[in-house]
Amino acid sequence: MQQYWVNFAKTGGNPCGEGLPYWPEFEEGKATVMQFNNGASLIETPNKERIALIDNFMKFLRAQ
């Protein structure tokens with residue numbers, strides 16, 4: 001995880017680097033969320049309903 005953050009900062013947004021599993025940009029409906037659990041792998045976005053609830057609440061607050 002640390003190297004992903006370093007790469008992200010160095011490149012202005014690209015966490016990928018040599019020796020790391022590829023981490024593509026987020027795309028709705030695709031397995032583009034990285035899970036770090038005994039390594040790194042791409043998974044479907046978990047808790048989509050909760051994320052949508054927070055997104056809608058933040059949109060509401062911004063509209064005030």
Do Pro15 and Val6 have side-chain heavy atoms sitting under 4.5 Å apart?
no
Min side-chain heavy-atom separation Ile51-Thr45 under 4.5 Å:
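Yes, close enough: below the 4.5 Å cut-off.
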Under 6.0 Å from the [atom1] atom of [X], do we count more than 12 heavy atoms belonging to anything else shown?
X	atom1	result
Phe26	CZ	yes
Glu18	CD	no
Lys48	NZ	yes
Phe36	CZ	yes

With hydrophobic residues grouped by side-chain heavy-atom distances under 4.5 Å, do Met58 and Phe60 end up in a single group?
yes
How long is the straight-line distance from [atom2] of [Y] back to [atom1] of [X], given to the nearest 0.5 Å?
X	Y	atom1	atom2	answer
Met1	Leu20	CE	CG	11.0 Å
Glu49	Ile54	CD	CD1	12.0 Å
Asn37	Met34	CG	CE	13.0 Å
Asn14	Phe8	CG	CZ	9.0 Å

Stepwise side-chain contact (heavy atoms from CB on, under 4.5 Å) check, Glu44 with Val33
CA-CA 6 Å; Glu44 290 293 329; Val33 177; over 6 Å; no
Leu42 vs Trp23, test: side-chain contact (heavy atoms from CB on, under 4.5 Å). Steps then yes/no.
CA-CA 7 Å; Leu42 293 173; Trp23 190 345; 4.3 Å; yes
Give me the atom names and distance for the closest heavy-atom approach of Ile43 to Pro46.
CD1-CD, 4.3 Å
